[in-house]
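First comes the structure, then the notes that go with it.
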2 protein chains.
Amino acid sequence: MNAKDLNTEQAILKAAKNVFVMKGMEGARMQEIADEAGINKALLHYYFRSKDKLFEAVFKEALFKLMPNLLDLMKKDLALFEKIKLFVENYINTINENPHIPAFIIHELNRNPERVAELIKSTGINPSFFVNQVYEEIEKGTIEPVNPFHLIVNMLAMCIFPFIARPILQYIIFNEDPKVYAAFIEQRKKEVSEFVINAIKKK
Amino acid sequence: MNAKDLNTEQAILKAAKNVFVMKGMEGARMQEIADEAGINKALLHYYFRSKDKLFEAVFKEALFKLMPNLLDLMKKDLALFEKIKLFVENYINTINENPHIPAFIIHELNRNPERVAELIKSTGINPSFFVNQVYEEIEKGTIEPVNPFHLIVNMLAMCIFPFIARPILQYIIFNEDPKVYAAFIEQRKKEVSEFVINAIKKK
DNA sequence: GTCTATATCGGGATAGAC
DNA sequence: GTCTATCCCGATATAGAC
């Protein structure tokens with residue numbers, strides 16, 4: 001595989017990512033991907049055997065872009081409140097750089113749950129470290145007796161939801177001003193971690 | 001339009017809802033809808049001129065199933081904490097009866113933001129009543145000075161997210177046991193409203 | 001490795017009989 | 001109002017020249 005090969009392959013993957021992420025597997029057109037990559041349809045099949053294979057490559061890349069932060073949340077050796085702050089800020093930053101990926105993953109997740117479950121398993125993700133840390137803090141009396149699984153889901157929800165529901169929220173909350181929405185997302189880094197910590201810390 | 005007409009039309013809408021909600025506009029097949037309705041493709045076009053028209057009917061119904069709760073949240077005349085409790089419980093119940101609708105709406109929302117924005121506008125939804133209520137409570141000193149818009153987004157996020165991300169959460173958190181997931185959702189009614197109230201109430 | 005031309009098929013939509 | 005048969009286009013995929 002020479003340099004030119006790599007360039008074309010990268011160009012295809014980049015174009016495919018754009019199109020698949022915006023339109024989903026069924027909504028995407030091979031022609032559109034070819035156009036965006038500056039090549040023709042036949043080449044897509046030369047590099048990736050089928051639309052399905054191309055999609056899988058794109059989907060894996062998208063999924064594994066959002067997983068490392070989750071793995072960090074689970075395993076990093078930090079005080080709970082610090083970990084929460086760091087996770088919220090990092091995760092919102094990561095999604096902000098790829099704002100359409102969550103909705104893309106969600107759609108595929110519901111279209112093909114088993115396929116995705118297999119991929120997730122391969123990452124070896126495991127919440128037990130974080131869960132135990134929460135139980136220890138409850139034991140010590142520093143936080144309220146919250147269910148750590150709900151805590152994880154709450155944090156994920158508050159970080160991800162503003163991006164997947166952006167068009168609706170932008171209308172309800174900001175009367176469609178997209179500039180204000182960027183500022184809103186920026187605020188959330190602080191707002192969400194304070195919200196979470198307030199919700200669990202012992203008074 | 002006689003009784004038989006209504007029956008067939010209802011059967012089509014019901015079948016279309018099932019198929020569209022699970023597979024989205026592009027993923028759905030008219031043949032599959034016809035099969036599920038116990039009729040043939042031609043009849044679909046007799047009742048609804050095109051796939052697009054049929055989809056629109058289904059989408060509107062789905063959207064307006066989740067909007068009334070939101071309108072209630074905004075306008076109902078109740079003490080803030082009571083309103084939060086009631087909203088969380090009602091909203092999770094509503095979604096639980098139609099667990100795939102949120103992901104369906106999210107996908108369409110990102111595929112066709114303008115179309116959806118138009119529909120939303122037609123409901124005349126307006127957050128100002130709720131927003132003012134939050135500011136009044138801050139004034140009175142009963143809650144922390146939180147941004148009411150973030151509060152709304154947080155509540156929506158925590159109610160909706162567990163359903164749209166169900167396959168992934170079910171694996172990470174429960175090692176794929178679907179029975180436990182129903183119990184988890186049930187718990188959330190209490191867990192989320194306590195979480196929210198704890199997060200904002202003055203200590 | 002990249003292109004043009006074409007095969008093939010699936011699916012939305014319509015015609016027309018009953 | 002409901003059916004069968006069919007049209008027709010668009011989209012994936014392949015053949016084959018360069």
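Reminder, nothing fancy here: chain letters follow the sequence lines and each chain counts from 1. Given the structure is predicted, the values throughout are model-derived calculations rather than measurements.
- A sub-4.0 Å separation between OP1 or OP2 of C:dA13 and a side-chain N or O of B:Arg49 is absent.
- Note: A:Phe55 and A:Phe20 have perpendicular aromatic rings, judged against thresholds of 30 and 60 degrees for the angle between ring planes.
- A straight line from CD of B:Glu26 to P of D:dA11 spans 11 Å, rounded to a whole angstrom.
- Using a cut-off of 4.0 Å between Lys/Arg side-chain N and Asp/Glu carboxylate O, B:Lys190 and B:Glu194 are scored as salt-bridged.
- Look at A:Thr8 and you'll find a side-chain N or O under 4.0 angstrom from OP1 or OP2 of C:dT2.
- Distance CD1 (B:Ile12) to C1' (D:dT2): 11 Å, rounded to an integer number of Å.
- When distances are taken from the side chain of B:Arg29 to each of D:dA13, C:dG12, D:dT4, the shortest belongs to C:dG12.
- With hydrogens and angles left out, the side chain of B:Lys41 and the base of C:dG12 share a donor-acceptor pair within 3.5 Å.
- Under the 6.0 Å cut-off for aromatic ring centres, B:His150 and A:Phe184 qualify, their centroids lying closer than that.
- Listed nucleotides D:dG1, D:dT14, C:dA13 differ in distance to B:Tyr46; the shortest reach to its side chain belongs to D:dG1.
- A straight line from CZ of B:Phe20 to C1' of C:dG11 spans 13 Å, rounded to a whole angstrom.
- Comparing atom distances between the A:Lys51 side chain and each of D:dT2, D:dT12, C:dT2 picks out D:dT12 as nearest.
- With salt bridges taken as basic N to acidic carboxylate O contacts below 4.0 Å, one links B:Glu118 and B:Lys121.
- B:Asp35 has its CG atom 12 Å from the P atom of D:dC3, to the nearest Å.
- Per the geometry, CG belonging to A:Leu43 stands 5 Å off C1' belonging to C:dT2, to the nearest Å.
- With rounding to whole Å, B:Ile39 atom CD1 is found 14 Å from C:dG12 atom P.
- Side-chain rings of B:Tyr181 and B:Phe174 approach one another, their centers coming within less than 6.0 Å.
- Distance CD (B:Glu32) to C1' (C:dG12): 15 Å, rounded to an integer number of Å.
- For C:dT14, the OP1/OP2 oxygens have no side-chain nitrogen or oxygen of B:His45 closer than 4.0 Å.
- Between C:dA13, C:dC3, D:dT12, one nucleotide has an atom nearer to the side chain of A:Asn40 than all others, and that is C:dC3.
- Distance OH (B:Tyr47) to C1' (C:dT14): 18 Å, rounded to an integer number of Å.
- No contact: A:Ala34 has no heavy atom under 4.0 Å from any strand.
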